[in-house]
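For clarity, every value in this text was computed on a predicted model and none was experimentally measured. The sequence lines fix the lettering, A, B, ..., with proteins before strands; numbering per chain opens at 1.
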Amino acid sequence: MDVESALKDIIGEIMDIDPAIIHADTYLVRDLNMESIDLLELGVSINYTFNIDVDDDIAFLKDLRFNLEKLNNNSNSKIKSLLNLYPHLDRDRANEILEDLDNGPVLKFKDVVAYVKFIKNKG
Amino acid sequence: MNLPNKEKNCLILGGSSEIGIFLAKRLLKEKLNPIITYSSQSGLKKIKDNLNKDINVFKLDLASLNSIYDFLSKINCKISYLVDLSHTHVEKLFASLKDEEIVSYYTTNVINRAIFLKNIVRNMLIQKQGRLVYISSTAAYLPNKGQGIYSSSKLAVEAIYKIIGIEMYKKGISTVILRPGYISAGRAKNFIDKKKSIFPYLLDVTDVVDAILFFLKDNGRVFNAREITLDRGFFAKKDF
């Protein structure tokens with residue numbers, strides 16, 4: 001099963017939108033207006049579709065800001081901690097997230113894709 | 001009867017009670033598929049003695065997380081309705097309860113039930129539909145002496161059902177909490193039989209099951225995340 005297309009279909013159904021408008025850099029909250037209840041549904045649907053356990057806090061970067069606040073200001077250590085907390089992200093994405101924090105919720109479609117692929121490979 | 005959900009499975013938690021068995025019979029008449037849980041061998045026997053042998057019956061003991069996980073792994077179907085009749089009873093003055101009784105009571109009736117309900121709601125979320133009816137008690141807000149642990153846990157569970165209805169309504173899942181007053185059945189029967197003043201206000205099993213079926217139906221769904229008292233107005237009087 002193609003993870004990207006399956007996830008686009010799921011999100012399309014949840015948000016009642018055309019899956020074709022979703023791309024890797026689509027922000028789920030900022031662009032698609034997904035709310036916490038929609039993310040809960042997304043987590044449950046991922047669990048059901050891919051038969052994997054989903055940790056919503058990690059998959060949807062829920063405690064990201066809270067976790068970052070606990071760290072000191074050194075950006076290298078922040079990236080290291082981010083990669084520890086969210087092992088499905090790569091260094092480039094972690095950098096991107098840190099630079100994007102002031103603009104609003106950072107979760108992108110590609111983060112969820114990365115999470116699903118990471119858990120599938122791990123299993 | 002206009003039951004809205006396409007899937008026809010109705011889980012009855014604590015289905016070996018008089019109300020549970022009668023409800024299962026009525027659901028069968030409505031062409032729904034009752035799935036009944038029991039927690040003891042005597043409960044299983046009651047179900048088998050009173051209902052068709054082909055009925056879906058599962059062991060579920062809320063005292064045990066393993067039993068909950070075992071049940072969830074076995075129940076390989078979509079649940080559209082849940083009627084929750086299950087609640088263990090302890091009637092003791094609060095200060096006379098043993099510490100371990102308090103821990104075990106709240107674990108069974110509140111904590112483990114919350115874990116169970118979370119999983120059932122996730123099951124319903126896949127279908128974007130679900131209706132949950134919790135049978136509470138008037139004791140939840142008007143406890144008698146000795147009902148401290150019972151009434152407080154009922155209130156806690158009511159709050160769980162309420163928040164499910166509030167959070168999930170947008171996704172097609174709703175809840176209602178029914179608080180029956182005195183019912184001429186089960187554990188209260190002996191007490192009630194001695195209190196003649198209650199007689200005009202007594203509920204029987206049919207009254208409660210009729211109310212449950214009403215609240216499962218389409219037109220019952222305007223009641224979401226709300227508590228409804230079923231007592232013929234008995235507790236609304238000044239001098240009850």
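- Heavy atoms of other residues, nucleotides or ligands lying less than 6.0 angstrom from NZ of A:Lys62 number more than 12.
- The shortest heavy-atom contact between A:Glu41 and B:Leu125 is CA-CD2, 3.6 Å.
- No more than 12 heavy atoms of other residues, nucleotides or ligands lie within 6.0 Å of CZ in A:Arg91, so this atom counts as exposed by the packing criterion.
- Between atom NZ of residue B:Lys128 and atom OG of residue A:Ser45 there is a gap of 6.5 Å, rounded to the nearest 0.5 Å.
- Within 6.0 Å of CG on B:Asp99 lie no more than 12 heavy atoms contributed by other residues, nucleotides or ligands.
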(request) Evaluate side-chain contact (heavy atoms from CB on, under 4.5 Å) for B:Glu167 paired with A:Leu40, printing each intermediate quantity in order. (result) CA-CA 11 Å; B:Glu167 290 180 349; A:Leu40 167 64; over 6 Å; no
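- For chain B, the nearby part of A:Glu35 is the side chain; its heavy atoms alone come within less than 4.5 Å.
- In this structure, B:Glu101 places its CD atom where more than 12 heavy-atom neighbours from other residues, nucleotides or ligands lie under 6.0 Å away.
- Proximity of A:Val44 to B:Lys171: side-chain heavy atoms (C-beta onward) are nowhere separated by under 4.5 Å.
- A distance of 8.5 Å separates OH in A:Tyr48 from CD in B:Gln127, rounded to the nearest 0.5 Å.
- No more than 12 heavy atoms of other residues, nucleotides or ligands sit less than 6.0 Å from atom CG of A:Asp53.
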